[in-house]
Amino acid sequence: MLFMEFSKSCEKLEGISGRLEMIDLISTVLPNLAPEELPIFVRFVMGRIFPDWSAQKLGIGPNLLNEAIGYVAGIKKEQVIEKINQTGDVGQAVEELLMEKSMTTFFHEELDLVRVYHELVGIAEMEGKKSQREKILAVRRLLGNAHPLEGRYLARIMLEELRIGVGEGSVREAIAKAFSVESTLVEHAMQALNDSGEVARLAKIGPDALIDVHITPFHPVRMMLAQQGAISDMIAEHGQIAAEYKYDGSRFQFHKKGNWARMYSRRLEDVTGALPDVIEQLLGSTDHDVILDGEVIAIKDGKPMPFQSVLRRFRRRHDVAEATVAIELVPNVFDILWLDGETLIDLPLTERRKKLESFVKMFIAPQVVSSDAAVIENVYADAIAAGHEGIMIKVPASPYSPGQRGKNWIKIKPEVDTLDLAVIGAEWGEGKRAHAFGSFLVACQDEGKLIPLSRVATGFSDEQLAEVYGLLKDTVIAKSGKEVTFEPSLVFEVGYAELQASTNYNGGFALRFPRFIRIRDDKDLPDIETLESIRDRYKRQANSAQAYKA
């Protein structure tokens, strides 16, 4: 497939608003792709280059890309930024600049999908002192051979933000339709492999190839997520429920095969080097090959320390030995996904728990199963007294659903309701904060698109605003007066008093009294709140209000 054909498909998708039409279009393209093209097309159309389990990153930020665009277009980087500010989109800016350039340039070496992919892999593998210069040269070569329309999507793919609204659900349904396989088979394979491109390749082979999918050690899967709820509702719906402490730490996934072990963060980054003490503890806890799900907490004087203490260790790359003495980390394991070659995610929680207790000797998080609300309330009280965030309620019959935020896991916390949201824009501060961003536009996700939800301006200390400025200043892709737009990369935890119906934002909701709680750099964009879950919260909030009035 030529990259121009891919670009034309993207252009059509970008002009479609209906999800069913998107699925139809993608499903007609997939069967005509060669086996080596199929995984690349599927990842690219979702704005991704590498499998979701891979820690590989392209390493191309807006500044580097702008410099390369300026060279190819024959203008200064500042003029590129000005064009991006005018259009509000780096892809459209590149397309317009390449149109102007093409009037004086008549030679293009034809780009095809596989070649573009291998060029991007080569860029990602560039390391060392000269890597930035090498990356710029490689990006120049790609853009220099790109036609204007190709440039639009090539630039967006480099920033891994395609902006055409193709989400995982649409891709799942398109794969199922293209190859006449059950959608549930595709979904299960996507959960186990954490690579939509590879799933498409297997679906083309046939349903048996999808059925034979298993979790693989050292290919991390996305972690199952929780939503908010109530103890009474869970008991009314399920009878017996399982209660576990909700830890204020960092989620981990531990993979062990033989004497080899790796640990991955919530964002699926390999953090093994930063946590040798935790690795040793878990290696000593089992003689079996396992993939475990859990949470690391920091302990001081027998009490858990705040989340940020743990995060400092997850971030650490140097002086790790000294840090292990300064901060004691303890793992708490609450699930097992794979055991001695057997994938366990389809088993109910009760069976996974039995295997966990049978094959792991230490660091298992306590669990209480009961249908008595008073018993569960006591677990909650004990958790708070011990210094934890609250409790998790889990449905005993539920499977493990990687990456899913459903009603099988809910969280109970005493604090203000919070949401994890992507930072997509900001406004410059005033007075002593004039040299930093003062308020931020945050968004939830809906089928691959980021939907603005609120502006957040309170809850920040001067030090936090300085930290946020440092993280975001190089991701600015557009400016308009005092407002800037970011290439999305950062997640905030935002507290709020109430969800309100609102026409001010496209999603139809706004937050009342939003307040910054903390940076969640243990979370990535796929982990942020969905518009669907916000609708559910709004309904629960309305039901609670009605019950109160009654």
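Numbers for residues simply follow the sequence, beginning at 1.
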S.K.: Quick test of your reading of the model: are Lys303 and Asp301 salt-bridged, counting only N-O distances below 4.0 Å?
M.R.: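 Judged by the 4.0 Å cut-off on N to carboxylate O distance, Lys303 and Asp301 do not form a salt bridge.
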
S.K.: For Trp338, enumerate each residue passing the ring pair (Phe, Tyr, Trp, His ring centres under 6.0 Å) test, keeping only those at least two apart in sequence or located in another chain.
M.R.: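 None.
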
S.K.: Restricting to non-hydrogen atoms, name the atom on Ile393 and the atom on Ile412 that form the minimum distance, rounded to 0.1 Å.
M.R.: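 Scanning both residues, the minimum pair turns out to be CG1-CG1, 4.0 Å.
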
S.K.: Looking only at heavy atoms, what is the nearest atom pair of Met392 and Ala226, with distance?
M.R.: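 That would be CE-CB, 3.3 Å.
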
S.K.: Under a 3.5 Å distance rule, please check whether Ser461 uses its side chain to pair with a backbone N or O of Gln464 as donor and acceptor.
M.R.: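 Side chain of Ser461 to backbone of Gln464: a pair is present.
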
S.K.: Could you tell me which non-hydrogen atom of Leu268 sits nearest to which non-hydrogen atom of Pro220, and how far apart they are?
M.R.: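 In terms of heavy atoms, the two residues are closest at CD2-CB, 3.9 Å.
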
S.K.: Using distance alone, with no hydrogens and no angle criterion, decide if Asp89 and Thr87 have a side-chain donor and acceptor under 3.5 Å apart.
M.R.: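 Side chains of Asp89 and Thr87: no pair found under 3.5 Å.
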
S.K.: Side chain to side chain contact (heavy atoms under 4.5 Å, CB included) with Asp335: which of Leu349, Leu356, Leu344?
M.R.: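 Exactly one pass, corresponding to Leu349.
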
S.K.: Less than 4.0 Å between a side-chain N and a carboxylate O, is that true for Arg251 and Glu295?
M.R.: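 No, Glu295 and Arg251 are not salt-bridged.
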
S.K.: Should the pair Arg520-Glu493 be classified as a salt bridge under the 4.0 Å nitrogen-to-oxygen rule?
M.R.: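 Glu493 and Arg520: salt-bridged.
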
S.K.: Could you check whether atom CG of Asn506 has more than 12 heavy atoms from other residues, nucleotides or ligands sitting under 6.0 Å from it?
M.R.: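 For Asn506, atom CG is not crowded (no more than 12 foreign heavy atoms under 6.0 Å).
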
S.K.: Would you please name every residue forming a ring pair (Phe, Tyr, Trp, His ring centres under 6.0 Å) with His219, sequence neighbours left out?
M.R.: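 Residues passing ring pair (Phe, Tyr, Trp, His ring centres under 6.0 Å) with His219: Trp53.
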
S.K.: Let me know which of Phe460, Phe486, Phe516 forms a ring pair (Phe, Tyr, Trp, His ring centres under 6.0 Å) with Phe437.
M.R.: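 Output: one option passes, namely Phe486.
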
S.K.: With no hydrogens and no angle check, is any side-chain donor or acceptor of Thr272 less than 3.5 Å from a backbone partner on Met263?
M.R.: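 Flag set: sc Thr272 to bb Met263 pair under 3.5 Å.
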
S.K.: Check this for me: does any side-chain nitrogen of one of Arg405 and Glu532 sit under 4.0 Å from a carboxylate oxygen of the other?
M.R.: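 Glu532 and Arg405: not salt-bridged.
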
S.K.: If the threshold is 4.0 Å, N to carboxylate O, is there a salt bridge linking Arg152 and Glu14?
M.R.: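 A salt bridge is present here (some side-chain N lies under 4.0 Å from a carboxylate O).
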
S.K.: In this structure, is the centre-to-centre distance between the rings of Phe440 and Phe492 below 6.0 Å?
M.R.: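 Yes: the rings meet the under 6.0 Å criterion.
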
S.K.: Has Lys394 got its NZ or CZ under 6.0 Å from the middle of the six-membered ring of Trp409, at an angle within 45 degrees of the ring axis?
M.R.: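 Judged by the rule, Lys394 and Trp409 form a cation-pi pair.
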
S.K.: Are Arg43 and Asp195 within salt-bridge range, i.e. N to O under 4.0 Å?
M.R.: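 Looking at Arg43 and Asp195, the cut-off is met.
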
S.K.: If you count every heavy atom of other residues, nucleotides or ligands that lies below 6.0 Å from Lys300 atom NZ, does the total exceed 12?
M.R.: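 No, the 6.0 Å shell around NZ holds no more than 12 heavy atoms from other groups.
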
S.K.: Tell me the closest heavy-atom pair linking Tyr400 and Met223, and the distance in Å.
M.R.: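 Scanning both residues, the minimum pair turns out to be OH-CA, 3.5 Å.
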
S.K.: Please confirm whether Tyr264 and Phe252 have ring centers closer than 6.0 angstrom.
M.R.: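 Ring-ring flag for Tyr264/Phe252: false, centres at least 6.0 Å apart.
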
S.K.: How far does CZ of Arg163 sit from CD1 of Ile157, to the nearest 0.5 angstrom?
M.R.: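 Answer for the CZ-CD1 pair, Arg163 versus Ile157, is 13.5 Å.
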
S.K.: Quick test of your reading of the model: are Arg266 and Asp521 salt-bridged, counting only N-O distances below 4.0 Å?
M.R.: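 No, Arg266 and Asp521 are not salt-bridged.
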
S.K.: Closest approach of Val369 and Ala242, non-hydrogen atoms and distance?
M.R.: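 In this case the closest contact between Val369 and Ala242 is CG2-CB, 4.0 Å.
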
S.K.: Does Glu160 come within less than 4.0 Å of Lys57, counting only side-chain N to carboxylate O?
M.R.: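 Salt bridge flag = no for Lys57 with Glu160.
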
S.K.: Is the shortest distance from a Lys or Arg side-chain nitrogen in Arg222 or Glu168 to a carboxylate oxygen in the other one below 4.0 Å?
M.R.: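 Yes, Arg222 and Glu168 are salt-bridged.
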
S.K.: Quick one: does Asn66's side chain have a donor or acceptor within less than 3.5 Å of a partner on Pro62's backbone?
M.R.: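 Side chain of Asn66 to backbone of Pro62: a pair is present.
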
S.K.: Identify whether the distance between the nearest side-chain nitrogen and carboxylate oxygen of Lys411 and Glu389 falls below 4.0 Å.
M.R.: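 Looking at Glu389 together with Lys411, the answer is no, because their closest N to O distance does not fall below 4.0 Å.
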
